[in-house]
Amino acid sequence: MAFNSPFIIIGAGGHAGVVLDLLLEQGADVLFLTDTDAGRHNNVVLGVPIAGDDARIDDYTPDMVSLAMGLGISGRGHELMANTHRRLCIARDFAKRGHRFPPLIHSAASIGRNVTLGDGAQVMAGAVVQPNCRIGAHAIINTGATIDHDSSVGDGTHVAPGATLCGRIAIGDASYIGAGATVVNNRTLGNRVFVTAGTVVSANAADDSRLSGSPTKAGPE
């Protein structure tokens, strides 16, 4: 994967380190990371400095740099879903200002034919995306996750490590599929759906559902 301009990574936590490692593995030039915690400024992550908060990005016009979203998704319940939404909003705000978020694919990921990746989509090491899938803007297909054929993952949705989406799954925007969860084939999940780790989803789910257990139990977030 060839990149035309150097990168700035938004965020400097654990997920940012994974994104940085992907970019360095691809031979990209990374200028710095940002962090809202001033106490971390001038620290380094994998040899790259944390140079300030997001305001530092304003020192560069959109034609000078590319951006990568390094904010991860932490917390539980309401906090986790709020962070999922916040991450997507930040990315969309910078995109409205003309900044580019190239899709990122680790060399150890497998991408099938006729797969479309939205701006800023991230496919991490060991992930598999089978043919005829659509991965939305700023979605994360995290380490070892599997997206089978003819599936769609919405903007900003995070498919956590080891999760499995069987064929013909449709998931809306800003949802979270927990680590090791499985969504049975031919299911539709709405926007802002929270699937807890290890859950087996065997039914459709409306917007703002919270799914847990095997068999699935639905409840309000």
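If you read the sequence from its start, that first residue is 1, and numbering goes on from there.
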Electrostatic pair [X]:[Y] at N-O distance under 4.0 angstrom:
X: D148; Y: R168; answer: no
X: R100; Y: D63; answer: no
X: D37; Y: R40; answer: no
X: D155; Y: R134; answer: yes

Same hydrophobic cluster for [X] and [Y], using side-chain heavy-atom links shorter than 4.5 Å among ILVMFWY?
X: F194; Y: L71; result: no
X: I140; Y: I90; result: no
X: F32; Y: I9; result: no
X: V18; Y: L104; result: yes
X: L24; Y: I50; result: yes

Problem - Residues that D54 engages under salt bridge (Lys or Arg N to Asp or Glu O under 4.0 Å), provided they are two or more places apart - result: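 So D54 forms no salt bridge (Lys or Arg N to Asp or Glu O under 4.0 Å) with any residue.
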Report yes if some heavy atom in the side chain of [X] is under 4.5 Å from a heavy atom in the side chain of [Y]; otherwise report no.
X: V19; Y: D21; answer: no
X: L189; Y: V195; answer: yes
X: I111; Y: I105; answer: yes
X: L20; Y: V48; answer: yes
X: H15; Y: M69; answer: no

Over all heavy atoms of both residues, which pair between [X] and [Y] is shortest? Give the atoms and the distance, please.
X: F101; Y: A91; value: CE1-O, 3.6 Å
X: A127; Y: N142; value: CB-O, 3.8 Å
X: G98; Y: P62; value: O-CB, 3.1 Å
X: N204; Y: N186; value: OD1-O, 4.2 Å
X: I169; Y: N185; value: CD1-CA, 3.7 Å
X: R87; Y: H138; value: NH1-O, 2.7 Å

Problem - From CA spacing to verdict: side-chain hydrogen bond (donor to acceptor under 3.5 Å, both in side chains), T146, T164 - result: CA-CA 5 Å; T146 301; T164 299; 4.7 Å; no
Problem - Whether S175 side chain and R192 backbone form a donor-acceptor pair below 3.5 Å - result: yes
Exercise for the section: Could you tell me whether a side-chain N or O of T157 sits under 3.5 Å from a main-chain N or O of A139, the two making a donor and an acceptor? Expected result: no
